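Per chain, numbering begins at 1; letters A, B, ... match sequence-line order. Since the model is a prediction, treat every value here as computed from it, not as a measurement.
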Amino acid sequence: MRVLLPAPVVVPLLFAALTVLAHRSRPAQRLIALVGVGLALAAAVAVLVVVHRDGPQAVTLGGWPAVVGISLVADLFSALMLVVSLVTVLAVLVFAVGQRHSDDMAAFHPAYLVLTAGVSLAFVTGDLFNLFVSFEVMLAASYVLITLGGKRDQVRHGMTYVVINMIASALFLTAIALVYAATGTVNMADLATKLGTLPDELFTALALTFVVVFGVKAAVFPVFSWLPDSYPTARAPVVAVFAGLLTKVGVYCLVRSQTLLFPGAVPSGLFLVLAGLTMIVGVLGAIAQNDMKRILSFHIVSQIGYMVIGLGLFTVSGLAGTVFFIVHQIPVKTSLFLVSGLVEESAGSTALDRVGGLLRRAPVAAALFGLAALSLAGIPPFSGFVGKLSIVEAGFGAGEYTIIAVSLVGSLLTLYSMAKIWNGVFWGAADRPTAALAGPAVRLRTPVLMTTATVGLVAVTVAIAVFAGPIYDLSHRAAEGLVDPGAYIRAVLSS
Amino acid sequence: MTVFTAALVAVLFGAGVYMILQRTLTRVVLGLALLSHGANLLLLIVGGSAGVAPLIGRFTGDDTVADPIPQALVLTAIVISFGMTAFLLALAFRSWQLTHDDTVEDDPEDKRIARQLERRAGGGR
């Protein structure tokens with residue numbers, strides 16, 4: 001474990017340095033990046049296997065005793081997140097390598113690997129300040145990726161993204177300072193035992209600060225509007241990896257902080273109200289849009305709402321639903337954005353009135369979109385159905401009928417907006433066709449590697465549906481660990 | 001002393017938030033710098049009152065020893081906020097190069113949808 005647990009963080013960082021050295025040769029950078037992410041994924045799978053067999057694992061870095069040094073911890077929840085994220089990161093990297101011009105800039109591969117390291121660190125760190133550092137590592141890389149190329153609208157939208165995230169980071173730092181002032185520690189396992197002894201008002205105030213901080217990162221209502229504004233202008237691989245991972249890291253931290261550090265501090269009604277509003281406002285925003293990427297961006301927000309429901313219910317089955325939903329959502333969301341990349345590459349645009357009739361011209365992209373979209377909307381037998389079913393069941397178990405009704409309405413509207421993309425992009429004809437579509441009705445071509453990467457990721461979402469039983473069991477065990485974090489705390493304190 | 005620094009943190013936060021709410025990019029950048037200064041200063045003062053350096057051999061049993069952890073944390077935080085501010089300045093400069101304007105633009109897609117709605121409302125009747 002001493003080597004295995006830090007590997008998903010250290011390996012991408014090391015390989016990022018190598019890609020900087022190899023900045024003159026794009027093929028060398030590609031090879032290094034692919035090997036780096038591949039090795040990190042292998043380590044993550046090994047961590048999942050060990051954690052599944054022996055329970056939570058922890059390592060304290062730098063030879064310091066636990067609590068003083070920085071702890072890295074993997075329980076079932078973080079190990080699952082780690083594996084799913086790295087699979088997605090690998091698929092998007094293959095897509096980016098296949099796409100023309102996507103890695104023209106020498107900074108692409110180093111920034112991408114640093115992003116990977118930041119995401120991995122956020123999942124495995126057991127130290128609140130180290131979590132802040134991991135967010136900054138991840139965000140710094142994402143700032144570079146979102147503005148890479150420096151075109152006018154990239155700069156304009158990138159600015160919103162950078163400013164909002166910097167404000168959230170300052171608030172995060174403030175929250176950490178206040179927690180340290182109250183307890184004298186930033187180790188999460190140590191905090192779990194000390195925060196409970198604080199006066200109730202202080203405990204709730206600190207918990208709410210973290211809800212705001214991670215709420216901004218996760219794009220929860222009412223602090224979501226930065227996301228649909230900034231995501232659609234980035235290049236397809238960049239926005240795909242952001243859509244799949246960054247907000248989910250926010251949700252992960254929200255769940256982790258509210259279960260481990262502040263159990264019961266925030267009234268569950270608040271989370272349910274936030275979840276309901278996030279779902280409905282997000283999906284209504286999606287319906288109003290006229291561009292595939294923008295519709296999908298609003299859907300990121302809407303789907304975050306489903307993940308927050310489990311946190312509001314705060315039962316084992318509710319949190320199991322949340323864990324399963326995140327596991328399903330990361331590859332589904334990413335593959336939808338990869339399909340939008342395929343559409344953009346072949347047809348030259350993703351605006352619904354400029355693209356049309358792709359069902360005949362790009363049947364593979366249409367089929368891939370269909371599979372992922374049905375899964376997102378929660379149509380049986382796809383993975384989204386299992387995720388939503390487990391959340392709805394948990395809601396019935398807890399007697400929260402209002403939120404179930406709201407979530408079902410949200411699903412229906414999701415299906416409607418997916419049909420809107422289908423009608424606009426794959427059926428019919430374009431009102432103002434792009435250059436690629438104005439010509440004779442021939443098959444549009446996309447590089448093979450791009451299609452392969454998208455097929456691979458859609459296959460992962462189908463596999464999640466096929467193996468829904470075992471994955472749900474894993475999620476259930478992960479949720480048990482969240483509700484009763486005793487094993488997590490013991491693993492850290494004894495490491 | 002702590003009350004004074006705490007008040008200073010409050011002033012930095014207030015001024016920072018005010019500046020961020022402006023439409024001029026340079027003011028937003030300065031506001032973010034103030035905000036992160038405020039957060040860094042807060043992190044520094046949570047360690048309690050100042051004291052002797054916490055090095056073995058430098059202090060005796062009855063000295064007040066400074067808490068080293070917030071200092072280590074704030075050092076990292078300062079470096080991070082410095083790097084981020086530099087990046088933001090570069091971005092603001094790039095934005096000025098492209099538009100010769102120092103204000104935050106409206107979202108073009110939002111404007112387009114608003115225009116479409118107006119057209120629809122006007123043309124429908």
- Taking atom CZ of B:Arg94 as the centre, report whether more than 12 heavy atoms of other residues, nucleotides or ligands fall under 6.0 Å from it. yes
- Message: Quick check for you: among B:Leu25, B:Thr76, B:Ile80, B:Leu73, which has the greatest number of heavy-atom pairs under 4.5 Å with chain A?
- Response: B:Leu73
- Message: For A:Leu206 versus A:Ala182, what's the shortest heavy-atom pair and its separation?
- Response: CD1-CB, 4.4 Å
- Task: Look at B:Val17, B:Ile45, B:Leu35 and state which one has the largest set of heavy-atom pairs under 4.5 Å with chain A.
- Result: B:Leu35
- Closest-packed option against chain A by number of heavy-atom pairs under 4.5 Å, given B:Leu117, B:Leu43, B:Val74: B:Leu43
- Message: Please identify, among A:Thr174, A:Leu139, A:Thr185, the residue contributing the most non-hydrogen atom pairs under 4.5 Å to chain B.
- Response: A:Thr174
- Task: Report yes if the side chains of A:Val249 and A:Phe135 come closer than 4.5 Å at any heavy-atom pair, otherwise no.
- Result: yes
- Query: Measuring heavy-atom distances to chain B, does A:Ala288 have an atom under 4.5 Å in its side chain, in its backbone, in both, or in neither?
  - Reply: backbone
- Please flag which part of A:Phe132 lies under 4.5 Å from any non-hydrogen atom of chain B: side chain, backbone, both or neither. side chain
- Task: For the pair A:Lys420 (side chain) and A:Gln289 (backbone), establish whether a donor and an acceptor sit closer than 3.5 Å, ignoring hydrogens and angles.
- Result: yes
- Query: Would you say the side chain of A:Tyr143 lies within less than 4.5 Å of the side chain of A:Met166, judging by non-hydrogen atoms?
  - Reply: yes
- Over 60° means perpendicular and under 30° means parallel, so classify the ring planes of A:Tyr231 and A:Tyr161, tilted if in between. tilted
- Note on the structure: Counting heavy-atom pairs under 4.5 angstrom with chain A, the leader among B:Asp67, B:Val9, B:Asn40 is B:Asp67
- Under 4.5 Å from any heavy atom of chain A - which part of B:Leu44: neither
- Residue part contacting chain B, namely of A:Val137, when any heavy atom lies under 4.5 Å: neither
- Message: Assess whether a salt bridge exists between A:Asp229 and A:Arg156, defined as any Lys/Arg side-chain N lying under 4.0 Å from an Asp/Glu carboxylate O.
- Response: yes
- Message: Contact between A:Lys217 and A:Ser169 at the side-chain level, heavy atoms closer than 4.5 Å - yes or no?
- Response: yes
- Query: For B:Leu32, is it the side chain, the backbone, both, or neither that has a heavy atom closer than 4.5 Å to a heavy atom of chain A?
  - Reply: side chain
- Query: Tell me, side chain or backbone of A:Phe129 under 4.5 Å from chain B's heavy atoms, or both, or neither?
  - Reply: side chain
